[in-house]
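Values below: all heavy atoms of this structure, side chains included; hydrogens, waters and symmetry mates excluded.
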Amino acid sequence: MVQPPDQPPQGGYGVPQNPPPPSHPQQPQQPYGYPQTPPPQGPPAPGPGYGYPPQQQPPAQPGPYTQPGPYGQPQQPGPYAQPGPYNPASQAGYGYPQSQYAGAPTPPPVGGGGGSKNPFKGRPAMVAGAAVAALLVVGGAVFAVTSLGDDGEKKPVAKESTGPSEDDKPSDAPSAPVNQGDGSGDGGEDLDISDLNADREDGEAKVLWYKSAPDAPGSGAGAPGLWVTDKVAVKPAYKQLFAYNVGDGDPAWDPIEFPGKICAVTPQKTSDDRAVVAYQKSTAKNADCDQLQQIDLNTGDKGWSAQLEKGDLFDSAHSVSLAVAGDTLVVGRSQSGTAYDIDTGKKLFDKKTYGQSCYPSGFTGGARLVVVSSCAVTTDKEHDEVQELDPRTGKAKWTRKIPKGWKVENAYSVDPLVLYLTNEEENTWNISTFKADGSTRSQVDSDASFAPDCDGGILTGNLAGCTGVASDANTLYLPTEKKDGTNEIVALNLATGKEKWRVKSPSADAVMEPLRTEGGKLIVYVEPSDAGGQVVSFPTTGGKPAATKLLQMPASAAAIEGSFYAKAVDYLDGRFYISSTLLSGADEAKEKLMLAYGK
């Protein structure tokens, strides 16, 4: 890579020193997790048993970074494809499924909003490597940039059902004919998990329990998020919260029903196992997502509740995002954010327009509270700014101005802060790591083509909406695109941006994604192929790390495991959980909601 110059290049602040490479004329490819060849036209014949066939190949859809992603052009779309940075996800969040099981209709999209807002129009990004990287000077720092690729397909347009509800408060008793996820309710025959365990081989985990989904509108519904404690697994689905004992799947408490759809949830639980749900107070088409409810996940008891205040003109609460930093919950609207004490519900502060007409457009939490703001959007000085906020007062600890033309799309990590940015005009991308004071620490410099799964990013206000990404204090772990049926995970040095090591999938015909790091190990989920999926770990020390198998899912359940095309997963205390994050609303059969595996 060219060394950073001491001064910005001629031609103005923020201009790359070298032009980015031209777009590659090859066919658009898609991220890992997809078959190498497209499926035949028309639905495949149903397979034996329960209405779930053997693993089917989903139809081609654009992947997470077929929008202006920093990543390579994968071969074909797959189950992990999600709306990209400039193609927002549904209000339900967590992406769209690419296909349902055989025989089921393709679900219409759900949520709010209209069509694509992606100025790249679905162009996938092609990593060209250090030899062809250009450099962007940002306030004395240098941004490495790489050309993006050709146009791909658009994502589905989000729609939602109508029909006002008379209720405006959550209820502890679901209304008929809602299926509570335990086999009751409408929707056809349920799945008998004894059949999934019938052919289980030695060394394979067993399916501990299975839950079907509640009835959803014909237009579909969201089922965002998943929280797992040492006692319960709690799953939102459409208008309800369900809780299951982690060992046997028995209901831990009665389902909670809300008067309108659940449209956002806190991405992580608190240290004392509480979470907050944002929901609509009716099912009316134009209902705001302005109701908040705290829930004790272990007991189902309701804590504080609140209603968001009306925002200023154009500051909509039709779609909101939730972020948690310590004891602070931030609810992001389209142009502002309101912070609450997550334990008491006391309002702490508002984050509104400041400075050069800057309004908050996305929040992310964790060990730090970070906000990205859009500034001077109606002028030729339009730019983004990044701030770290004091989570109790809302005061900015530091502010980092991003040069004109560059947009912050996603945060891969907040501690350390790692951001993914795009430049529409220059058709380029960048991944940068920042120091504690907001100055640049490093920029990714690798010839790999990465493929994490991200939702709408800044356009949904959910900066942290990426899965398949993990980090620790000094390393970022990213999955590569699928190639020849498999992929790799690359460890990147956050001090230098250089590659430290990479490791292949332990299965020659399956892809993998990082889940998290813990105890000096990288925990990874390997998707099913003919065999069941796996949870494995790799030592983070590098070299040529060997995989240690933590859990092997049974081959007898590989088909249903692989049919969770829009999903949330977790691995805790030796158990693996996989759940749907989108419901099609199909009436032909009960939809799957959740599977739990263990030894």
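Note: K599 NZ to F576 CZ = 14.5 Å, rounded to the nearest 0.5 Å. Distance check, rounded to the nearest 0.5 Å: CH2 of W253 to CZ of F242 gives 9.5 Å. Rounding to the nearest 0.5 angstrom, the gap separating the CG atom in D384 from the SG atom in C358 is 9.0 Å. Distance check: T393 OG1 to L348 CG gives 9.5 Å after rounding to the nearest 0.5 Å. Atom CG of D343 and atom OG1 of T270 lie 6.5 Å apart (nearest 0.5 Å). Atom-to-atom distance recorded for N245:CG and K231:NZ is 10.5 Å, nearest 0.5 angstrom.
There is no side-chain donor-acceptor pair under 3.5 Å between E257 and Q240. Using modelled atom types and a 3.5 Å distance limit, the side chains of K235 and S579 yield a donor-acceptor pair. Between the side chains of T399 and Q387, at least one donor-acceptor pair of N or O atoms lies under 3.5 Å. Side-chain polar atoms of S413 and S471 form a donor-acceptor pair below 3.5 angstrom. For the residue pair Q335/T353, the side-chain donor-acceptor check at 3.5 Å is not satisfied.
The only option from V418, L419, L421 that meets the side-chain contact (heavy atoms from CB on, under 4.5 Å) definition with I431 turns out to be V418. Of the listed residues (Q280, K310, Q307), just one forms a side chain to side chain donor-acceptor pair (under 3.5 Å) with D288, and that residue is K310. Remark: of the listed residues L226, L208, V569, L226 is the sole one forming a side-chain contact (heavy atoms from CB on, under 4.5 Å) with Y577.
The side-chain heavy atoms of L595 and I560, taken from C-beta on, include a pair separated by under 4.5 Å. Contact annotation: the side chain of F363 never approaches that of L463 to less than 4.5 Å [non-hydrogen atoms, C-beta and beyond]. Proximity of V330 to L322: side-chain heavy atoms (C-beta onward) are nowhere separated by under 4.5 Å. Side chains of Y340 and V331 form a contact here, defined as non-hydrogen atoms less than 4.5 Å apart. Using a 4.5 Å heavy-atom cutoff, the side chains of I256 and I295 are in contact. A heavy-atom distance below 4.5 Å is not found between the side chains of S319 and S334. No side-chain heavy atom of K351 sits under 4.5 Å from any side-chain heavy atom of L369. Counting heavy atoms from C-beta outward, I523 and S537 have side chains that approach closer than 4.5 Å.
In terms of modelled atom types and a separation under 3.5 Å, the side chain of H318 and the main chain of A287 share a donor-acceptor contact. Looking only at distances, no side-chain donor or acceptor of Q293 sits under 3.5 Å from a matching main-chain atom of V276. Between the side chain of S374 and the main chain of S361, no donor-acceptor pair closer than 3.5 Å is present. Under a 3.5 Å cut-off, the side chain of N410 and the backbone N or O of Y412 do not form any donor-acceptor pair. Between the side chain of S580 and the main chain of K567, no donor-acceptor pair closer than 3.5 Å is present. Side chain of W398 to main chain of L389: no donor-acceptor pair is present (N/O by atom type, distance under 3.5 Å, no hydrogens or angles). The backbone N or O of A566 lies less than 3.5 Å from a partner atom in the side chain of T581, making a donor-acceptor pair. Checking side-chain atoms of D312 against main-chain N and O of D315 turns up no donor-acceptor pair under 3.5 Å.
A cation-pi arrangement is not found for K352 relative to F349, the charged atom failing to lie both closer than 6.0 Å to the ring centre and inside a 45° cone about the ring normal.
In terms of heavy atoms, K592 sits closest to S563 at CE-OG, 3.0 Å. Closest non-hydrogen pair, I342 versus G326, comes out as CG2-O, 4.5 Å. Considering every non-hydrogen atom in both L417 and R368, the closest pair reads N-NH1, 3.6 Å. Of all the heavy atoms in A470 and L522, the pair that sits closest is CB-CD1, 3.9 Å. Residues V414 and G366 approach most closely at CG2-CA, 4.2 Å, considering heavy atoms. Counting all heavy atoms, side chain and backbone alike, V265 lies closest to I262 at CG1-CG2, 3.8 Å.
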Subject >> Criterion side chain to side chain contact (heavy atoms under 4.5 Å, CB included) on Y597 and V535, from CA distance to verdict >> reply: CA-CA 11 Å; Y597 298 84; V535 179; over 6 Å; no
Subject >> Evaluation steps, side chain to side chain contact (heavy atoms under 4.5 Å, CB included), between E513 and T467 >> reply: CA-CA 8 Å; E513 61 172 299; T467 60; 4.2 Å; yes
**OP:** Determine, stepwise, if the pair Y279 / K261 fulfils side chain to side chain contact (heavy atoms under 4.5 Å, CB included).
**Re:** CA-CA 6 Å; Y279 65 95; K261 74 175 183 179; over 6 Å; no
**OP:** Applying side-chain hydrogen bond (donor to acceptor under 3.5 Å, both in side chains), run through S584 and E591 and close with a yes or a no.
**Re:** CA-CA 8 Å; S584 72; E591 293 186 72; 3.2 Å; yes
**OP:** List the steps and the verdict of side chain to side chain contact (heavy atoms under 4.5 Å, CB included) for L329 and T266.
**Re:** CA-CA 8 Å; L329 166 72; T266 48; 3.7 Å; yes
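Listed by first and then second residue, the side-chain hydrogen bond (donor to acceptor under 3.5 Å, both in side chains) pairs that reach into residues 322-333 are T328-R392, R333-S336, R333-T338, sequence neighbours excluded.
For D472, the salt bridge (Lys or Arg N to Asp or Glu O under 4.0 Å) criterion is met by no residue, not counting sequence neighbours. Judged as a salt bridge (Lys or Arg N to Asp or Glu O under 4.0 Å), and not counting sequence neighbours, the contacts of K397 are E388. Judged as a side chain to side chain contact (heavy atoms under 4.5 Å, CB included), and not counting sequence neighbours, the contacts of K269 are W227, T229, D273, L297. With sequence neighbours excluded, no residue forms a ring-ring contact (aromatic ring centres under 6.0 Å, His included) with Y571. Under the salt bridge (Lys or Arg N to Asp or Glu O under 4.0 Å) criterion, K347 pairs with E309, D350, not counting sequence neighbours.
In this structure, Y238 has its ring center no closer than 6.0 Å to that of F258.
Under a 4.0 Å N-O distance rule, the pair K407/E409 does not qualify as a salt bridge.
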